[in-house]
Amino acid sequence: MADRITVIGWDGTPLTEAAGAALAGATLVAGAPYQLGALPVPPSAERIALGNVRQAARRIAEHRGAAVVVAEGDPGFFGIVRTLRRPEYGLELEVLPAVSSVATAFARAGMPWEDAQVVSAHGGRLRRAANICRAHPKVAVLTAPGAGPAELALMLRGVHRTFVVCEALGTPEEDVTVLTSDRIADHDWRDPNVVLVIGGHVQAPSGVVDEAAGWLAGRPIGYPGAERGWALPADAYAGAGRAEGETGAPEALPAHARALVLARLGARPGDLVWVVGAGHGALAVEAARFGAAVVAVEGSRSACARLTVNARRYGAEVETVHGHGPEVLGGLPEPDAAVVESGGPDVVRAVLARKPERFVAVPRSLAEAEEVRAAIAAAGYRVDGALLQSTPLVGEGDGLTLGSGGGGVLLLWGEQIL
């Protein structure tokens with residue numbers, strides 16, 4: 001392999017003494033075409049324009065002499081160092097980083113960024129990057145050709161965000177543009193660029209101290225000032241218990257049932273979860289607190305309003321869609337996981353037609369459960385389920401006794417058969 005391999009991060013500023021010396025002594029230099037043209041590459045050195053990074057890594061591994069790889073900013077942060085350190089290449093590296101493009105982008109915007117999520121849209125991950133932008137109020141997206149600001153904005157259509165598009169950072173052509181997401185698709189953007197996606201409603205309510213501020217980078221979606229844990233009691237959510245004579249959205253699932261639903265959904269950052277028949281939003285909010293993007297569909301306007309209150313209370317970003325039945329699902333983005341809290345077999349079939357990887361339904365009777373089970377199996381899923389029975393324990397005197405208000409909850413779930 002090469003006698004010495006140096007990875008130089010370049011942010012457009014003059015090279016350090018160490019980086020300049022490494023470049024001057026190189027017999028092979030790999031980098032983007034604009035970098036090879038702008039830097040003092042020795043005339044006798046072999047030049048490799050970085051396109052296929054793995055192909056370039058193989059050529060570097062075969063080279064005899066001093067090799068230099070030029071990358072943007074910090075090459076160890078979503079950069080080429082990860083590929084070069086793959087065991088099949090057997091390369092030992094010296095890394096000389098510059099300021100990362102993400103740090104530079106936030107500096108240009110004049111914003112702190114320890115509370116930001118940073119995602120890469122490279123490698124076909126645009127949809128997952130967009131889901132992070134749905135779920136979090138401050139995201140830096142490292143874009144790629146075909147997965148740039150315009151494509152990201154189209155993925156987020158209907159979700160209001162402000163885009164800070166930073167083009168050609170560190171070069172004489174550097175440009176920073178601030179636009180709302182609905183105007184991003186009308187422009188042509190130059191590569192390379194970094195996009196800051198800002199907005200949403202996540203914030204700690206008045207009087208709540210965000211204990212993560214100032215010491216924990218990339219902190220979880222649900223702000224740490226909220227109650228710890230999940231599967232909280234129903235009374236932790238506004239309107240989750242139905243008042244006498246109230247109609248509309250059903251009561252929230254009990255905590256133990258929500259815990260099992262969340263376990264079967266497996267919600268995680270980068271996923272999009274549908275919660276259909278979401279009621280007052282207890283389950284939707286808890287899925288969002290795991291870091292997933294959540295779209296909650298509910299037919300009761302009063303329940304939608306309470307759902308919004310509950311989401312803000314727990315620092316969760318939940319997109320609420322008012323509507324009934326299968327017809328409202330057609331315009332929603334593709335789900336990775338979905339739960340039908342209420343709506344019946346027709347809604348179940350409509351959700352399954354969109355092929356989420358994981359699915360949960362809450363039937364209201366054994367007869368409905370059988371129809372739902374058949375629908376899940378017919379859609380090509382492995383089906384399982386449970387009847388959960390619970391009875392609360394209450395303190396009485398010096399001991400415990402069984403309380404009232406227990407009951408059963410039917411759950412069915414399915415996973416796609418690969």
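These figures come from a predicted structure and were not determined experimentally. Reckoned from all heavy atoms, side chains included, excluding hydrogens, waters and symmetry mates.
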Worksheet item: Can you tell if the side chain of Val53 reaches within under 4.5 Å of the side chain of Arg82, non-hydrogen atoms only?
Response: no
Worksheet item: Do Val95 and Pro75 have side-chain heavy atoms sitting under 4.5 Å apart?
Response: yes
Worksheet item: Would you say Glu17 has more than 12 foreign heavy atoms packed within less than 6.0 Å of its CD?
Response: no
Worksheet item: If every non-hydrogen atom of Val347 is compared with every non-hydrogen atom of Pro326, which pair is closest and at what distance?
Response: CG2-CD, 4.2 Å
Worksheet item: Can we say Arg349 and Glu371 salt-bridge, meaning some charged N sits less than 4.0 Å from an Asp/Glu carboxylate O?
Response: yes
Fill in: Flag, side chain of Gln35 to backbone of Gly31, donor-acceptor distance under 3.5 Å
no
Worksheet item: Quick one: does Glu341's side chain have a donor or acceptor within less than 3.5 Å of a partner on Val276's backbone?
Response: no
Discussion item. Between the side chains of Arg183 and Asp186, is the shortest nitrogen-to-carboxylate-oxygen separation below 4.0 Å, so that they form an ion pair?
Written reply: no
Worksheet entry | Side chain proximity check, His256 to Leu388, heavy atoms < 4.5 angstrom | yes
Item to complete: Indicate the atoms forming the closest heavy-atom contact of Val348 with Ala361, along with that distance.
Response: CG2-CB, 4.2 Å
Discussion item. Taking atom CZ as the centre, does Arg190 end up with more than 12 heavy-atom neighbours from other residues, nucleotides or ligands that are less than 6.0 angstrom away?
Written reply: yes
Practice prompt. Side-chain contact test, heavy atoms from C-beta onward, threshold under 4.5 Å: evaluate it for Val69 versus Ile8 and give yes or no.
Written response: no
Worksheet entry | Distance, nearest 0.5 Å, that separates CD of Gln416 from CG of Leu352 | 9.5 Å
Worksheet item: Under 3.5 Å, is there a donor-acceptor pair between the side chain of Arg125 and the main chain of His122?
Response: yes
Discussion item. Quick one: does any side-chain atom of Arg161 pair with a main-chain N or O of Arg134 as donor and acceptor, under 3.5 Å?
Written reply: yes
Worksheet entry | Main-chain N/O of Val68 paired with Thr6 side-chain donor or acceptor, under 3.5 Å | no
Fill in: Leu366 atom CG, over 12 foreign heavy atoms within 6.0 Å
no
Worksheet item: Can a salt bridge be assigned to the pair Arg264 and Asp384 using a cut-off of 4.0 Å between side-chain N and carboxylate O?
Response: no
Worksheet item: So, for Ile48 and Ala56, which heavy atoms are closest and what is the spacing to 0.1 Å?
Response: CG2-CB, 4.1 Å
Practice prompt. Rounded to the nearest 0.5 Å, what's the gap from CG on Leu307 to OG1 on Thr320? Could you check?
Written response: 4.5 Å
Worksheet entry | Glu370 and Arg373 ion-paired at < 4.0 Å | yes
Worksheet item: Does the pair Val194 and Val141 meet the rule for a side chain to side chain contact (heavy atoms under 4.5 Å, CB included), with working shown?
Response: CA-CA 6 Å; Val194 178; Val141 182; over 6 Å; no
Worksheet item: Is the shortest distance from a Lys or Arg side-chain nitrogen in Arg127 or Glu334 to a carboxylate oxygen in the other one below 4.0 Å?
Response: no
Response to the item:
Rounding to 0.5 Å, atoms CG (Leu154) and CG (Asp182) come to a distance of 11.5 Å
Worksheet item: Between His63 and Thr27, do the side chains contain an N or O donor and an N or O acceptor separated by less than 3.5 Å?
Response: yes
Worksheet item: Does any N or O in the side chain of Asp74 come within less than 3.5 Å of the main-chain N or O of Ser101, such that one atom is a donor and the other an acceptor?
Response: no
Worksheet item: For the atom pair CG (Leu84) and CD1 (Ile60), what is the distance rounded to the nearest 0.5 Å?
Response: 5.5 Å
Discussion item. Could you walk me through whether Val362 and Val340 satisfy the side chain to side chain contact (heavy atoms under 4.5 Å, CB included) test, starting with their C-alpha distance in whole Å, then the side-chain angles of each, then the deciding distance to 0.1 Å, before giving a yes or no?
Written reply: CA-CA 6 Å; Val362 187; Val340 175; over 6 Å; no
Practice prompt. Classify the ring geometry between His324 and His322 as parallel (under 30°), tilted (30 to 60°) or perpendicular (over 60°).
Written response: perpendicular
Worksheet item: Would you say the side-chain atoms of Arg313 pair up with the backbone N or O of Ala236, donor to acceptor, closer than 3.5 Å?
Response: yes
Worksheet entry | Flag side-chain contact, heavy atom, 4.5 Å: Val119 against Leu142 | no
Worksheet item: Roughly how far, to the nearest 0.5 Å, is SG of Cys166 from CG of Asp175?
Response: 9.0 Å
Worksheet item: Can you check whether Val165 reaches Val176 side chain to side chain, under 4.5 Å on heavy atoms?
Response: no
Discussion item. Is there a side chain to side chain contact (heavy atoms under 4.5 Å, CB included) between Tyr34 and Thr171? Walk through the geometry before answering.
Written reply: CA-CA 10 Å; Tyr34 80 93; Thr171 74; 4.1 Å; yes
Item to complete: Check Ala140 against Val102 and note the closest heavy-atom contact, atom names and distance.
Response: CB-CG1, 3.8 Å
Worksheet item: Would Asp336 and Arg358 pass as an ion pair if we require N to O under 4.0 Å?
Response: no
Discussion item. Looking at Arg85 and Leu93, would you say the former's side chain and the latter's main chain have a donor-acceptor pair under 3.5 Å?
Written reply: no
Worksheet entry | Closest non-hydrogen atom pair, Val409 against Pro254 | CG2-CG, 3.8 Å
Fill in: Pair Asp271-Asn131, side chain to side chain contact (heavy atoms under 4.5 Å, CB included): steps then yes or no
CA-CA 6 Å; Asp271 285 349; Asn131 287 339; 5.6 Å; no
Worksheet item: Are Val195 and Trp189 side-chain neighbours, meaning at least one heavy-atom pair lies under 4.5 Å?
Response: no
Item to complete: Mark yes or no for whether Arg354, through its side chain, and Leu332, through its backbone, hold a donor-acceptor pair below 3.5 Å.
Response: yes
Worksheet item: Parallel, tilted or perpendicular: which fits the ring planes of Phe359 and Tyr381, with parallel below 30° and perpendicular above 60°?
Response: tilted
Worksheet item: Roughly how far, to the nearest 0.5 Å, is the CD1 atom of Ile198 from the NZ atom of Lys138?
Response: 6.0 Å
Worksheet, complete the sentence: Here the pair of heavy atoms bringing Pro112 nearest to Phe106 is O-CD2, 4.1 Å
Fill in: Glu286-Tyr237 side chain donor-acceptor pair, cut-off 3.5 Å
yes
Worksheet item: Backbone N or O of Arg306 within a donor-acceptor pair of the Asn310 side chain at under 3.5 Å?
Response: yes
Worksheet item: Can you tell if the side chain of Pro363 reaches within under 4.5 Å of the side chain of Leu412, non-hydrogen atoms only?
Response: yes
Worksheet item: Under a 4.0 Å N-O cut-off, is there an ion pair linking Glu174 with Arg108?
Response: yes
